[in-house]
2 protein chains.
Amino acid sequence: MHLDERERRRELYRLQAMLCQVLADPTRIELIELLGEGPKAVKELAQATGQRQAKISQHLAVLRQRGLVHAQRVGTEMHYSLTDPRILEACHLTRSLLLDQLLRQGELAESVLSERR
Amino acid sequence: MHLDERERRRELYRLQAMLCQVLADPTRIELIELLGEGPKAVKELAQATGQRQAKISQHLAVLRQRGLVHAQRVGTEMHYSLTDPRILEACHLTRSLLLDQLLRQGELAESVLSERR
DNA sequence: TTACTGTATTCGAATGCGCGAATATTCTAA
DNA sequence: TTAGAATATTCGCGCATTCGAATACAGTAA
C-alpha cells in the first residue's frame with residue numbers, strides 16, 4: 001500500500017490525535033505522574049488516587065493498549081511502569097503550557113480590574 | 001473557595017486533560033501545524049487541508065475557545081494565528097513520542113520476523 | 001440598496017468515551 | 001482443592017464530540 005505525501009501526513013496526524021486522546025483524561029494523567037516516580041501496583045495506584053480499583057484497571061488498560069505503560073506480574077500483583085520517560089515529559093510540557101495560559105488569563109483579569117479602579 | 005492540596009492537583013489535571021482533548025483531533029493538529037508557519041485566513045486553511053470551510057471554522061472555534069489561537073479581522077477575512085509558539089512545541093513533542101513508539105514497534109516486528117527465519 | 005465573498009453557527013445523526021455495577025480471572029496459601 | 005486477595009473485563013447508560021447540511025451573518029463593492 002503506497003500513500004502519497006499528503007495521505008502519509010494525514011495518517012500521522014490521526015495517530016498523533018489518538019495519542020493525545022490517551023492523555024486527555026485527568027485520571028490517566030495522574031496515573032502517568034505516579035508511574036513517573038517508579039513502578040507501582042494497581043492497588044497502590046488506586047489508593048494514591050482514591051479511585052476504585054476497576055476504574056484504575058480500565059484506564060491502565062487504555063494506557064497499555066496504546067503502549068504507554070508496561071505491565072509485569074509479581075506474585076499476585078501487577079506492577080505497571082512507563083515504557084518511555086518522554087511520556088512524562090509530554091505531560092509536563094502540556095502542563096506548563098496550561099500554567100502559562102492560566103497565568104496570562106490571570107494577568108488579563110488583573111489588568112481589566114485595574115482599569116476599572 | 002479554598003481547595004486542599006489534592007483537590008488543587010485534581011483540578012489542574014482536569015484542565016490539562018481539557019487541553020489535551022483539544023490536541024486530540026487530526027484536523028486541529030494540522031491547523032496548528034499550518035498556523036505554526038504564520039497567520040492564515042480560514043480560506044487558506046480550508047484549501048491547505050482540503051477540508052470544507054464549515055468544518056475548519058468549527059475546529060477553529062474550539063481552538064479559539066480554549067485560547068490556543070487568536071483571530072483578527074482583516075477586511076472580509078479572518079486571520080488566525082497561534083497565541084503561543086509552545087503549542088507547536090507540544091505538538092512536536094507528542095509527535096516525536098509517537099514516532100519513537102512506531103519505530104520501536106517496527107523493530108519489534110522485525111525481530112519477530114527474524115526469529116522465524 | 002443588492003449581490004457577492006468569506007466566515008460562523010445551528011441542528012440532527014452517528015459515533016465514541018467514562019463510569020459504576022457486576023462478574024470473571026489469576027495467583028497464592030492453607 | 002478451596003478460600004481469598006489482586007486485578008481484569010463486560011455491560012449498559014449518560015454524555016460529549018464530530019460531521020455534513022443548511023443557514024445566518026458580516027463586510028465590500030457596484
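Below, read A as the first sequence line, B as the second, and so on, with proteins coming before strands; counting in each chain starts at 1. As the structure is a computational prediction, the values presented were derived from the model and not from experiment.
- Residues A:Thr27 and A:Arg73 both approach DNA chain C. Their nearest nucleotides, taken by heavy-atom distance, put A:Thr27 toward the 5′ side.
- In this structure, the CZ atom of B:Arg64 is 10 Å from the C1' atom of C:dT9, given to the nearest Å.
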**Request:** Given side chain to side chain contact (heavy atoms under 4.5 Å, CB included), test A:Arg66 with A:Leu19 step by step and report yes or no.
**Result:** CA-CA 7 Å; A:Arg66 300 292 199 238; A:Leu19 179 59; 5.7 Å; no
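- A sub-4.0 Å separation between OP1 or OP2 of D:dT7 and a side-chain N or O of A:His79 is absent.
- At the heavy-atom level, B:Ala54 lies under 4.0 Å from base atoms of the strands shown.
- Between D:dT18, C:dT7, C:dC17, one nucleotide has an atom nearer to the side chain of B:Val42 than all others, and that is C:dT7.
- For A:Gln58 against C:dG20, a side-chain N or O and a base N or O form a donor-acceptor pair under 3.5 Å.
- Counting distance only, with no hydrogens placed and no angle test, the side-chain atoms of A:Glu77 and the base atoms of C:dT28 include no donor-acceptor pair under 3.5 Å.
- Atom-to-atom, CG of A:Leu60 to P of D:dA8 comes out at 7 Å; the value is rounded to the nearest Å.
- When the C1' atom of D:dT9 is taken as reference, atom CE of A:Met78 falls 13 Å away, rounded to whole Å.
- The base of C:dA8 sits within donor-acceptor range of the side chain of B:Gln53, with an N or O pair under 3.5 Å.
- Ionic pairing of A:Arg10 and A:Glu7 is not present here: no N-O contact between side-chain nitrogen and carboxylate oxygen is shorter than 4.0 angstrom.
- Between B:Arg52 atom CZ and C:dG6 atom C1' there is a gap of 17 Å when expressed in whole angstrom units.
- Regarding A:Lys43, its NZ atom lies at a distance of 14 Å from the C1' atom of C:dT28, rounded to whole Å.
- Two residues are said to be in side-chain contact when any heavy atoms from C-beta on lie closer than 4.5 Å; B:Arg104 and A:Thr83 meet this criterion.
- Rounded to an integer number of Å, the gap from B:Leu45 CG to C:dA8 C1' is 15 Å.
- At least one donor-acceptor pair under 3.5 Å links the side chain of B:Arg28 to the backbone N or O of B:Val22.
- Contact check for A:Leu35 versus A:Ile87: no side-chain heavy atoms found under the 4.5 Å cut-off.
- Regarding A:Arg66, its CZ atom lies at a distance of 12 Å from the P atom of C:dG16, rounded to whole Å.
- Comparing A:Ala61 and A:Thr76 by the nucleotide of DNA chain D whose heavy atom lies nearest to each, the residue mapping closer to the 5' end is A:Thr76.
- Contact check, A:His59 against C:dC17: no side-chain N or O comes under 4.0 Å of OP1 or OP2.
- Going from atom OH of A:Tyr80 over to atom P of D:dA6 covers 15 Å, rounded to whole Å.
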